[in-house]
Colleague: 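Quick one: the structure is below, questions incoming.
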2 protein chains.
Amino acid sequence: MEIKPKTVKSAQLKNLIVKQLYFDNALSCAELSELFDKSIPSITKAVNELITEGFVVEHGYAPSSGGRRPLLYSIKPDAMYILAIAMDQLSTRIQLLDLLNRPVADSLTFDLRLLNNDAALATLVKSINSYILKSGIPKEKIAGIGMGMPGFINVRQGINYTYLNAGSKSLVQYLHDEIGLPVYIDNDSSLIALAEQRFGIAKAQQNVMVINLGWGIGLGMIVNGEIFRGHNGFAGELSHIPLSDDDALCACGKRGCLETVASMQVVAEKAIEGINSGRATSLKDTGAAASKALLDDILDAAGKGDQFAIELLSDAAYKIGKALAILIHIMNPQTIVLSGRGARAGKILMAPIQQALHKYCIPRLAESTQLLISDLGFDAELIGAAVLMMENFEKEIKSVSRLEV
Amino acid sequence: MEIKPKTVKSAQLKNLIVKQLYFDNALSCAELSELFDKSIPSITKAVNELITEGFVVEHGYAPSSGGRRPLLYSIKPDAMYILAIAMDQLSTRIQLLDLLNRPVADSLTFDLRLLNNDAALATLVKSINSYILKSGIPKEKIAGIGMGMPGFINVRQGINYTYLNAGSKSLVQYLHDEIGLPVYIDNDSSLIALAEQRFGIAKAQQNVMVINLGWGIGLGMIVNGEIFRGHNGFAGELSHIPLSDDDALCACGKRGCLETVASMQVVAEKAIEGINSGRATSLKDTGAAASKALLDDILDAAGKGDQFAIELLSDAAYKIGKALAILIHIMNPQTIVLSGRGARAGKILMAPIQQALHKYCIPRLAESTQLLISDLGFDAELIGAAVLMMENFEKEIKSVSRLEV
DNA sequence: ATACTTTTATAAATATTTTAAGAAGTTTTA
DNA sequence: TAAAACTTCTTAAAATATTTATAAAAGTAT
C-alpha cells in the first residue's frame, strides 16, 4: 500500500515527538516548537492527535517564569512496549520494557553460547517468541526489538560478522521475518555508552567515553551526542592499542595489547597463580580455571578489603588508566564512565586510574575530563537496547498508525 | 534594523545554495532540491533570484541519464572574495581568494612572532588593512576573513587562549571592529584537515585524520564530515600521548611524548649532532641551531638520496607510525593524510609509517585505513581558512543583501 | 489591589510550499 | 526508425504551515 506523502510528513513529526518525550520526561508545546523548529500551532495539532491516539497525556503545569504556565505533555508509558535483549558470549537476557524503561514482565536469562554454535540463532528466536507469548502482551503493542551483542557489527545492514550468521539474509532481516517485529542491533559496549548518555550518569553530554568492564575491556564512544563507530564500525578498539613493547602475546596476534595486561581475564589468572603460590587471601581456587564465579569472588573480596584482591585490581586499573590517558589526549571527552559488570568495583579502580591519568596526561587535559562510575550497572545494556529501538523509531513511519487500535 | 522573518528564511536558503555551490562546483535544481529537502519550485525561485543578484550563473547542461538534460548552475567566482590568513609561530601569510579558491591578489608573507610579542596584534591589523587597500578590492566585495593559527582556540567565542590576547574583547570581535569584516578563527591543524576534506585528497570523506607535519606534529580530525574539537577544543593532542616510559623530558612536563622523539625539531637536533660527529652526509651545520632552513635542507637532502637524512626521517616516521596505529584503533578512520610543510617528504615517510602500522595494528584495522600524501601542500592552511569562512557563511544572514550593489 | 509584563493557547488571515499535470528534451528499447 | 520510458522544467491549483492578533493566565511591580 502506498503511503500518501502528506501522511508521511505528519506521521514523521508525530514520531519525532513521541521519541523526544521518551527521552525527555515532559515538555511543553513551546519547547517542542523550539526543538523541531516548527510553529506552535503545528505542534499543538500533532500533540492533540497523539493524545486522541493514546500516545501522549497531559502532565500538569510547569512553574512559570513570569507568564502563563505552560501545559506539559508526557508519553503514556504503556502506549507501547520495547523488547530489549542483552547478549554476551555465554548468556542472553530478554526483557520487555515500557516507555519509562520499567520492566513490564519478568526478565528471562538463559545460557546461549555464541561461539561455534550453529543452533544459537534458532534458540534465540524460539526464546524470544515464547517470551513474548508468555508475557501476555500482544505483538501489536510492541514497537520493536533492540539488541546488544558482542562482535563486529554493521549497524546499517544489521549484520554481525562475528556471531549469529543468518545465511543469505541479514541477522536483522532474519529476526524480523521470524518474529514479525522491527529489529535493531548494535555492539554491546556501544549500547552501554548510549544508555549512560541518555538515561545514566552522563545524561545529555555530547562527548562521553564509556568503558565496559567485563571479561575484556570494551569502549563505547559518544561523539557529538551520538554513538561513534568509525569508518567500518571498528572504532573504539581500546583493548588492542600498543601499550608496551615486550609483553604477553595477545589473541589478536600482537604483543603489548592492553587486553593482555589489564583485562579481568588476566586478573582472574593472576588470582589463581597467587592462591596456588600461597598468597595471604580469602580467595580460593575453585578448580574451574578463570571462571566468572572467580571474578565475582575477586570483586567481592576486594570490596571487603582483601589486600591481594585489591592489589590485583589496582594493577589492572593503573594500566587501564594509562590507556585512558591516551584516549583523553585524542578525544578530549567531557566524561569517562566506568560501566559494565566490573563497575561494581568502581571505587577500588578509581584511585589507580586517577593516578595514571595524573602521570600520563597533560594536566589541563586531565582536569577537563571527569571520571565517573555508572549507576545503571547491570541494566545498562538492556536500557541501551531499548534506546537503540527508540532512536530508530522515527524510521518506522507506520509505527504510530500500526499501533493504533 | 529588524529583519522580517520571511526575508530571513528566504535569505538563509539562498546563502545555503551559495555555500553549496562553493563546495560543489556545479549543481542542478533537482540536485539542490534533493540536498536541502525543498521542492523544485522553491529552489528554482531562489536560484533565479541569485542569478539576478549576480551570485550564480548558468553552467551548461549536464549529461542526461535518460531524460531531459538538467541545467547546471555554478557560483560566479568573482561575486565576492574571501580573505584567508595562515599563521604559524613565526610568520603570517595573507591572501585574497575568489570563490574558486584562486588568488585574486599577490599573497603577503611577513614575520610575526606570536610568543611574547605585545605588538603582534596591532601589526596584524595594520597588515590586513593595508593588504586589503593595496589589493584594490572594495571591502563590500569581501565576504569575510578566515584565519588559522597555532594555540588553544575557542572557536565559538573566537578566542585564542595562547596567543594574541585582545584584552576585554575576544580576538574575533577585536579584529571585526578594527577591520570591519566578519572574522572566524580556528586551529591551524584543524584548518589543514578541513582543506583536505573539502578540496584535497580526502574530499567528501566522513572520517579523516590529517597529520600536520611542521615543526611539531599536529593532528586535525574530521569526524562525521566535520572538524572535531572535543569537549574543550583540546582534541587531537597526538604529540603528547605517552609512547614510551623512559625518554626525554617534554616541554609539557611529561616523559615519553611522541613530540620528544619524532618531531621535526628533534630531527634537526639529531642532524646537527650527526654532522658534528662526522657522519657522512651532504648536510652542513649552518650555525643557527635548529633553524627552519636546516629542516628544509634535510628534506631536500633526503629527496636527493642522502642516507643520513633518510635515516633521520625514517626513525621519526616509524615512531609517528606507532602513534598512528593507536589513532587507528580508536578512530577507525577511512583515511590518514600526511599534510603540512613536511608532506614534501611524504614518500620517504610513507614506508616506515606503513611498517609501524603493520607491526602495531590489528591487520583488519590497518587494511581499512588508507594512508595518503597531501597534494595541497603549503596552500592547505590558506584554503582551510577560506573554507572556514564559507562554512560560516550561512550565519551571515545579511551577507547576500549586504553584498548586493 | 491594580496595572503591567511575560508567557501560553487559540483562531483567523496570510503566505508559502507542495502537489499534480503537462510540455519538452534524451535515452533506451522494440 | 519509431515508440516507450524517463528526467527535467514550468505553471496553476490545492494543501499546508506560519504569522499575526487576541484572549487568558501567571507572576512582578507600583
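All chains are named by letter (A, B, ...) in the order of the sequence lines, taking the proteins before the strands, and each is independently numbered beginning at 1. Nothing here was measured: the structure is a model prediction, and the numbers come from that model.
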Colleague: Side chain of B:Ser39 only, heavy atoms from C-beta on: which candidate in C:dT17, C:dT26, C:dT8 is closest?
Modeller: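 So the nucleotide nearest the side chain must be C:dT17.
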Colleague: Under 4.0 Å between a side-chain nitrogen and a carboxylate oxygen: does that hold for B:Glu53 and B:Lys14?
Modeller: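 Salt bridge: yes.
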Colleague: How close or far is atom C1' of D:dA17 from atom CZ of A:Phe36, stated in whole angstroms?
Modeller: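 Nearest whole value for this atom pair: 17 Å.
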Colleague: Can you measure B:Lys38 atom NZ to C:dT17 atom C1' for me and round it to whole angstrom units?
Modeller: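 Between C1' of C:dT17 and NZ of B:Lys38: 8 Å.
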Colleague: With DNA chain D as reference, determine whether B:Tyr73 or A:Ser42 sits nearer its 5' end, using the nearest nucleotide of each.
Modeller: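 First, find each residue's nearest nucleotide; the 5'-ward one identifies B:Tyr73.
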Colleague: For the side chain of A:Pro41, counting heavy atoms from C-beta on, which of D:dG27, C:dA9, D:dT19 is nearest?
Modeller: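 Minimum distance to the A:Pro41 side chain belongs to D:dT19.
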Colleague: Can you figure out which of D:dT10, D:dT8, D:dA26 approaches the side chain of B:Thr44 most closely?
Modeller: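 Closest of the options to the side chain of B:Thr44: D:dT10.
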Colleague: Mind listing the closest non-hydrogen atom pair of B:Pro77 and B:Leu100 along with its distance?
Modeller: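 Where B:Pro77 meets B:Leu100 most closely, the heavy atoms are CG-CD1, 3.7 Å.
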Colleague: Which whole-number value in Å describes the distance from B:Asn48 CG to D:dT10 P?
Modeller: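 It is 7 Å, rounded to the nearest whole Å.
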Colleague: Would A:Glu196 and A:Lys203 pass as an ion pair if we require N to O under 4.0 Å?
Modeller: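 Salt bridge between A:Glu196 and A:Lys203, a charged N being under 4.0 Å from a carboxylate O: no.
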Colleague: Rounded to the nearest angstrom, tell me the gap between atom CD1 in B:Ile43 and atom P in D:dT10.
Modeller: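 Roughly 14 Å, once rounded to whole Å.
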Colleague: Atom OH of B:Tyr61 and atom C1' of C:dT27: how far apart are they, to the nearest Å?
Modeller: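 From B:Tyr61 OH to C:dT27 C1': 17 Å.
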Colleague: From the list C:dT10, D:dT10, C:dT19, which nucleotide is the closest neighbour of the side chain of B:Ile40?
Modeller: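 Given the options C:dT10, D:dT10, C:dT19, the side chain of B:Ile40 is closest to D:dT10.
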Colleague: Please report the distance, rounded to the nearest Å, between CZ in B:Arg69 and C1' in D:dT7.
Modeller: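 Rounded to the whole Å, the gap is 13 Å.
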Colleague: Just the rounded figure in Å: distance from P of C:dA15 to CG of B:Leu13.
Modeller: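 B:Leu13 atom CG is separated from C:dA15 atom P by 19 Å.
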Colleague: So which nucleotide from D:dA17, D:dT10, D:dT8 ends up closest to the side chain of A:Lys45?
Modeller: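 For the A:Lys45 side chain, the nearest candidate turns out to be D:dA17.
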Colleague: Look up atom CG in A:Asp78 and atom CZ in A:Phe55, then write down how far apart they are to the nearest 0.5 Å.
Modeller: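 Here the interatomic distance stands at 11.0 Å.
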Colleague: Show the numbers, then the answer: is there a salt bridge (charged side-chain N to carboxylate O under 4.0 Å, His left out) between A:Arg229 and A:Asp186?
Modeller: CA-CA 10 Å; A:Arg229 302 184 176 90; A:Asp186 208 330; 2.3 Å; yes
Colleague: In whole angstrom, what separates B:His59's NE2 from D:dT8's P?
Modeller: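 Checked: the NE2 to P distance equals 18 Å.
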